[in-house]
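Only a predicted model underlies this, so the values are computations on that prediction, with no experimental measurement involved. Every chain is numbered from 1, with letters handed out A, B, ... down the list of sequences.
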Protein chains: 2
Amino acid sequence: MSKMDRRIQKSRQAIMDAFMKLMSEQDFENITINQIAEEANVNRGTVYLHFADKYDLRDQCTDAHMNELIRNCMPEEKGQLTSKAALLRTFEYLQRHASFYSIMLTSRGNPIFRNRMEAVLQQSVSEHLDSIGLDRTLYKDITVQFLVSAGVGLLEWWITRSMPYPASVMVEQFWRLLERVQLQVPDEGHKKVWE
Amino acid sequence: MSKMDRRIQKSRQAIMDAFMKLMSEQDFENITINQIAEEANVNRGTVYLHFADKYDLRDQCTDAHMNELIRNCMPEEKGQLTSKAALLRTFEYLQRHASFYSIMLTSRGNPIFRNRMEAVLQQSVSEHLDSIGLDRTLYKDITVQFLVSAGVGLLEWWITRSMPYPASVMVEQFWRLLERVQLQVPDEGHKKVWE
DNA sequence: CACCATTTGTTGATTTATCAACTAATGCGT
DNA sequence: ACGCATTAGTTGATAAATCAACAAATGGTG
């Protein structure tokens, strides 16, 4: 994965960077391969050498960023998003790369980000639930989807609204909500929060 | 010249940029080809594909910048450095690219910049003297060398002292000195300035 | 609708960059 | 002076990028 010919890395990066730049300037559908190649200073054919078309480029671009996110925020094996530290890293990472994620999230009509993000969290949350043992009255798949939707939705909300709160506040609030559904060991004692 | 394969332009540029970066950090003699290749993100062999060795790289780097200077400051054919406008463009250009020129000028022991600059001005000044007709009592070659040394020396002085005056002041002062040796038509009337 | 320009993909021949492997040279410390 | 490690160049096989030329699709304008 990391032992590729230098040229393909450079070309891919140049093309992706060019694509992102164009995405920040105009609507996705209006972007042409010619523009991308020109902006990337790459022959048009080279684009097709790496990407099937615009859409494939958009998807791979998303995936690349998503992998970076995982690599940076959840260095532990089996991407654990279930510690406060990891959560904070993630929010801060998104904040640093807001230029990308806000573009990807605000371009209406492609739920790619949401889908990929959900897929990533699906596994992470599922494994976590296995490890802590779930209340017998709760269906696992339903609980997973509930938590994943909540998490991704919260992230999207935060990004698309230009991060109205600092990452630390978001993590704190999110953590409290997780405690309420009793899927985390409470920080302090075992007092029931909804009595 | 400008219709080359994209790859060679990119490679040459990357290598030259890397070289300049290293020049700003350490002494020329201590720079290795390995460092250059690594900094440029290029295979070591690629360096040798474009440059014979360190010294060739240093020279070509100088020439490239020099050609850029000429192209930007003296767009007229036969590089005329004999108008106030061209002079101002030149000083301002040097100011913009001070990062390069101050490095090249302060690296002791290689008069490459001075030599190339003089060569460029030699021709320019020589042609100018032909066009305005020289005082019979003055030898042309001597006059040329006098003016060229003065000009280049002034440039070096300005750059190496971190441009203590704005470009406009330098041009104004330089122009007045040129007037004093009566190789320029005075801006205002024909009054003798040294009477 | 028809026209025209642009874009889209594809192809094959060519050039360039990459990599690994090698020898020679240089330098550095013991 | 002797090893020992790094650097300097070189080489040949391979992979990638370039370019030009192509046919097909698209999209706006009269």
What residues 35-52 of chain A contributes to the DNA chain C interface at heavy-atom separation below 4.0 Å is A:Arg44, A:Tyr48
In whole angstroms, the gap separating P of C:dG9 from CG of A:Asp56 amounts to 11 Å
When the ring centroid of B:Phe19 is compared with that of B:Phe51, is the distance short of 6.0 Å? no
Record whether the side chain of B:Arg7 comes under 3.5 Å of the base of D:dA17 through a donor-acceptor pair of N or O atoms.
yes
Exercise. With heavy atoms under 4.0 Å as the rule, sort A:Arg6 into base, sugar-phosphate or nothing.
Key: sugar-phosphate
Is any NZ, NE, NH1 or NH2 atom of the basic residue among A:Glu25 and A:Lys21 found under 4.0 Å from an Asp or Glu carboxylate oxygen of the other? yes
Rounded to whole Å, the CD1-P distance (B:Ile31 to D:dA8) equals 11 Å
In whole angstroms, the gap separating P of D:dT7 from CD of B:Glu29 amounts to 16 Å
From OH of A:Tyr55 across to P of C:dT7 the rounded distance in Å is 15 Å
Atom CG of A:Asn34 and atom P of C:dA5 are separated, to the nearest Å, by 16 Å
Electrostatic pair B:Lys84-B:Glu172, nearest N-O below 4.0 angstrom: yes
Below the 4.0 Å mark, does C:dT18 have OP1 or OP2 next to a side-chain nitrogen or oxygen of A:Lys10?
yes
Of the listed D:dA8, C:dG9, C:dT7, the closest approach to the A:Thr32 side chain comes from C:dT7
From CD1 of A:Ile33 across to P of D:dT26 the rounded distance in Å is 15 Å
Q. Without hydrogens or angle criteria, can the side chains of B:Gln145 and B:Ser149 be said to hold a donor-acceptor pair below 3.5 Å?
A. yes
With a 3.5 Å cut-off and no angle check, do the side chains of B:Asp56 and B:Gln60 form a donor-acceptor pair? yes
From CZ of A:Arg12 across to C1' of D:dA17 the rounded distance in Å is 15 Å
Picking from C:dA17, D:dA16, D:dT18, the nucleotide nearest the side-chain atoms of B:Asp5 would be D:dT18
Name the orientation class of the two ring planes belonging to A:His65 and A:Phe100 (parallel below 30°, tilted from 30 to 60°, perpendicular beyond 60°).
parallel
Rounded to whole Å, the CG-C1' distance (B:Asn30 to D:dT6) equals 14 Å
The ring-ring contact (aromatic ring centres under 6.0 Å, His included) partner of B:Trp158 among B:Tyr101, B:Tyr165, B:Phe91 is B:Phe91
